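To find a chain, count down the sequence lines: A is the first, B the second, and so on, and within it residues start at 1. Fair warning: this is a prediction, and the values are worked out from it, not measured in the lab.
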2 protein chains.
Amino acid sequence: MLRIGQGLRRKADIMAGQTGGKQPTINDVAALAGVSKKTVSRVINRSEFISEKTRKAVQQAIETLGFVPNPQARALAFRRNFLIALLHDNPNAQTVLGFQQGVLDAIKDSDLALLVRPVDRGSDRMLDDVRTFLEKQRPIGAMLLPPISENDELAALCESLGVRYVRVGSAPLDDPQHCVSSNDHDVVKEAVRKLVDLGHRRIGFVRGPEGFRSAAEREKGFHEALAEAGLSLADDHYAPGNYRYTAGIEAGEKLLALAEPPTAIFCSNDEMAAGVMSVAHSKGVAVPGRLSIIGFDDSPTATHIWPALSTVRWPIRQMGVRAAQLLVPDFLGSGAKAIDADPAALTSTFVERQSVAPPGR
Amino acid sequence: MLRIGQGLRRKADIMAGQTGGKQPTINDVAALAGVSKKTVSRVINRSEFISEKTRKAVQQAIETLGFVPNPQARALAFRRNFLIALLHDNPNAQTVLGFQQGVLDAIKDSDLALLVRPVDRGSDRMLDDVRTFLEKQRPIGAMLLPPISENDELAALCESLGVRYVRVGSAPLDDPQHCVSSNDHDVVKEAVRKLVDLGHRRIGFVRGPEGFRSAAEREKGFHEALAEAGLSLADDHYAPGNYRYTAGIEAGEKLLALAEPPTAIFCSNDEMAAGVMSVAHSKGVAVPGRLSIIGFDDSPTATHIWPALSTVRWPIRQMGVRAAQLLVPDFLGSGAKAIDADPAALTSTFVERQSVAPPGR
DNA sequence: CTTGCTTTTGACACCGGTGTCTTTTAAGCC
DNA sequence: GGCTTAAAAGACACCGGTGTCAAAAGCAAG
């Protein structure tokens, strides 16, 4: 009797202490469950060396108190923070945010949180900056978005700091366990073949920036598709670019000023395609009547311009999910695994809209 | 002599221990500088009760070892994490990322990091989710982006958890110290006045979604501008919307099908304006010859469509900077303060491009 | 009922900082 | 120089968890 009375009183005290403003700690739980804090810790971390009976009791106490382990304390003891870092240096908001969304979808039910960190590709302090960041934040893992994902030193840095990493790219950059990649090369071939099948013979190309793997992959796919059709790219049908709208303008002005302009232009991304399309409009060149245009990304721009742009849908959000699954499979709840059981969800696909037609004549 | 010898040897040991894989700790610094760890802590935290001499010595030791305080340990001791949380539920990628960039610009040289957290406005568990998130991560402060910034309960929650907060909106939502806002109302008036001055009398309006403060502000500005010009909005010149492209399409189809369609349409954001413009193109209505269109946001879409859209530039990135300055002025380096000495940088401005002209006739 | 082994549990130090309070040092004054 | 007082530095507990290793409990066999 007395014993029970004491027990009850103690429980009341604990509850009172807890409601007294602050969060319950592992000590409160331990006291309430009548076990040591280490045992509570074992329950939290799903240790296998624990009897079903005590596990139940501890669970019960945890729920009664509404106890949530303090991530800062765990981070200190584990010498690792329950965070994922997203490192990016990407001109394209849509890409970054789409990917970010995917990652967040995946980690929604986990204990992880997402830390976003832009890095300055140009700076020669870049590596040091990232090292400092990783040493300070000690995330479980880091995700590298293109173009910095192509930097091997960065990957090596993560490796050496014991930070897991995943590199996102347009083609495999690393071993499969560190890499989420799309099939830019193949799908560009498919898109260009489409143009050829419609009867286009003079096809222009607007390239992405030097130093971007994606730009190289897309160019390769383009050339191969032409080659397979027995065609080749005329020198004056090529325009350099940098994935920006203004580059599209310049490219459009160059290509459409030719005595014999291309009847179709493949642009390495949607923004540049939008630029080319503007030039066509302002020169009175009908799209798709006299000029077909294809972009890449399926960004919002693709559907916001008129006529709607045929483009390549890059499953960026899905890639975010996949990247998280690859990076921290052991932290994700079962929900996250269900998110993409479908491997096909990761393939880029050609989306036909209104900017493509047979060559006018 | 002996004493010095010992001193040197100890220093060597410390260095060796440090290079032996892990980061130097405050203890290493203390040992090297020959002071207590608390004194080192004082130097780190710029305590005023410390002599210049020891400060120098400690600084020296910190630099020699390359010591960086462990944020997890500090977070535990301070009971606060050196993080800023960005809470958003925003359909517009550009807005979120632009703001995020601004925040990152501002905190670049500080010890803070940015945690991004989407919240589900619809869910009735939303408040609990956010509470759990804030209790777990214990950020210094939180930033609320529209539309969730309009939720007073959320602000109250932050307050009660001792988390600083800043609300971002289209109009003041709270006391100035908790609020970064743009002047949507005024600038919409300016834009509409511009249309009136050009001679437009039949001006259509496409509204933003119900429940968004921004939508209401923009509508108010629109009506006032008309009223001041002695005009009013005809019932059939009004179209509802939700800030999405498709809503623009619907609005365009409705307004341009009228027997006497408007000669100008003000759209509450750029995406809807792009939708209206598509409809105009496909119906053969020349823009701006027969129809002037104005958008809002100055999103990339505004310049990617043709003709380029006259719109309102909302200094979202600057607002991110400002929000950070408001939220954590005490954590930002001097660099951040310089970022926007210019208060005018925060005013929205009307940007004239090619989608506006006098009414055709 | 021991003994010997495996499975559970707990005590205690530790992760790397900060808060509080005490002691030491330096400065000011007579 | 001695005394008072303020400034500087330190000792030690503590933040809330985890790792290690020893102790206790459970169980089968002797």
Side-chain angles (χ1 to χ4, degrees), chain A residues 14 17-18 21-59 61-62 65-83 111 135-138 140 162, chain B residues 14 17-18 21-59 61-62 65-83 111 135-138 140 162:
Chain A
I14 294 163
Q18 182 253 322
K22 33 188 71 175
Q23 298 275 72
T25 75
I26 199 172
N27 293 304
D28 300 327
V29 175
L32 178 55
V35 298
S36 74
K37 59 195 279 198
K38 179 67 217 190
T39 299
V40 177
S41 168
R42 288 197 179 95
V43 173
I44 298 170
N45 295 294
R46 300 192 179 70
S47 160
E48 46 188 339
F49 303 112
I50 197 155
S51 72
E52 197 52 34
K53 204 180 87 189
T54 49
R55 179 203 302 295
K56 281 262 170 59
V58 172
Q59 277 298 1
I62 288 177
L65 294 172
F67 166 72
V68 179
N70 177 319
Q72 283 75 47
R74 301 185 81 194
L76 180 58
F78 273 129
R79 300 148 139 260
R80 192 102 284 172
N81 227 329
F82 291 81
L83 295 174
D111 282 332
E135 282 178 346
K136 277 180 70 166
Q137 298 300 335
R138 292 174 178 267
I140 307 261
Chain B
I14 294 162
Q18 183 255 323
K22 36 189 71 173
Q23 299 275 75
T25 75
I26 199 172
N27 293 304
D28 300 327
V29 176
L32 178 55
V35 298
S36 74
K37 59 195 280 196
K38 180 66 218 189
T39 299
V40 178
S41 168
R42 289 196 179 95
V43 173
I44 297 170
N45 295 294
R46 300 192 179 70
S47 160
E48 45 187 339
F49 302 110
I50 197 156
S51 73
E52 196 53 33
K53 206 180 85 188
T54 49
R55 181 206 297 307
K56 281 265 171 57
V58 172
Q59 277 297 0
I62 288 177
L65 294 171
F67 166 73
V68 179
N70 178 320
Q72 284 74 50
R74 301 186 82 196
L76 181 59
F78 273 130
R79 299 145 144 260
R80 191 104 285 170
N81 226 330
F82 291 82
L83 295 174
D111 281 333
E135 282 179 346
K136 276 180 70 165
Q137 298 300 335
R138 292 172 177 270
I140 307 264

- Query: Whole-Å distance between C/dT8 C1' and A/Lys56 NZ?
  - Reply: 17 Å
- Query: Just how far, in rounded Å, is P of D/dA6 from CD of B/Glu48?
  - Reply: 15 Å
- Query: How is B/Asn45 classified with respect to the nucleic acid when contacts are heavy atoms under 4.0 Å: base, sugar-phosphate, or nothing?
  - Reply: sugar-phosphate
- Query: What about B/Arg79: does its side chain form a donor-acceptor pair under 3.5 Å with the base of C/dG19?
  - Reply: no
- Message: Does C/dT9 have OP1 or OP2 under 4.0 Å away from a side-chain N or O of A/Ser36?
- Response: no
- Task: When you get a sec, tell me which of C/dG10, C/dT8, C/dG16 is the closest nucleotide to the side chain of A/Phe49?
- Result: C/dT8
- Message: With a 4.0 Å cutoff (strictly under), does any side-chain N or O of B/Thr25 reach OP1 or OP2 of C/dG16?
- Response: no
- Task: Would you mind reading off the distance between A/Ile26 atom CD1 and C/dG10 atom P, rounded to a whole angstrom?
- Result: 12 Å
- Calculate, to the nearest 0.5 Å, the distance between atoms CG and CG belonging to A/Leu76 and A/Asn81 respectively. 10.0 Å
- Message: What is the distance, to the nearest angstrom, from the CG atom on A/Asn27 to the C1' atom on D/dG17?
- Response: 9 Å
- Side chain of A/Lys38 - closest among C/dA11, C/dG19, D/dA9: C/dA11
- Side-chain donor or acceptor of A/Lys37 under 3.5 Å from a matching atom on the base of D/dG17? yes
- Task: Verify, without hydrogens or angle tests, whether B/Asn70 (side chain) and B/Gln72 (backbone) share a donor-acceptor contact under 3.5 angstrom.
- Result: yes
- Task: Take A/Ile26 and A/Ile44 through the side chain to side chain contact (heavy atoms under 4.5 Å, CB included) test and state the conclusion after the steps.
- Result: CA-CA 10 Å; A/Ile26 199 172; A/Ile44 298 170; 4.1 Å; yes
- Query: What is the distance from CG of B/Asn81 to P of C/dG16, rounded to the nearest Å?
  - Reply: 17 Å
- Regarding the side chain of A/Ala73, the nearest nucleotide among D/dG16, C/dG17, C/dG19 is D/dG16
- Task: Look at the side chain of B/Arg42 and decide which nucleotide, out of C/dT18, C/dC21, D/dG16, has an atom nearest to it.
- Result: C/dC21
- Message: Atom CG of residue position A/Asp111 - does it have more than 12 heavy atoms of other residues, nucleotides or ligands inside 6.0 Å?
- Response: no
- Item | 5′-ward residue of the pair B/Ala77/B/Glu52 relative to DNA chain D | B/Glu52
- Task: Select one nucleotide: of D/dT18, C/dT18, C/dG16, the one nearest the side-chain heavy atoms of B/Ile44.
- Result: C/dT18
- State whether B/Ser51 places a side-chain N or O below 4.0 Å from either non-bridging phosphate oxygen (OP1 or OP2) of D/dA8. no
- Which listed nucleotide (C/dT9, D/dG16, C/dG17) is nearest to the side chain of A/Thr39? C/dT9
- Message: Distance check needed: C/dG16 P versus A/Arg74 CZ, whole Å only.
- Response: 18 Å
- Message: At 4.0 Å (heavy atoms only), tell me whether A/Val40 reaches a base, stays on the sugar-phosphate, or touches nothing.
- Response: nothing
- Query: Between D/dA9, C/dT18, D/dG16, which nucleotide gets closest to the side-chain atoms of B/Ile50?
  - Reply: D/dA9
- Picking from D/dG17, D/dA9, C/dG10, the nucleotide nearest the side-chain atoms of B/Thr54 would be D/dA9
- CG of A/Leu76 versus C1' of D/dC15: gap in Å, rounded? 9 Å
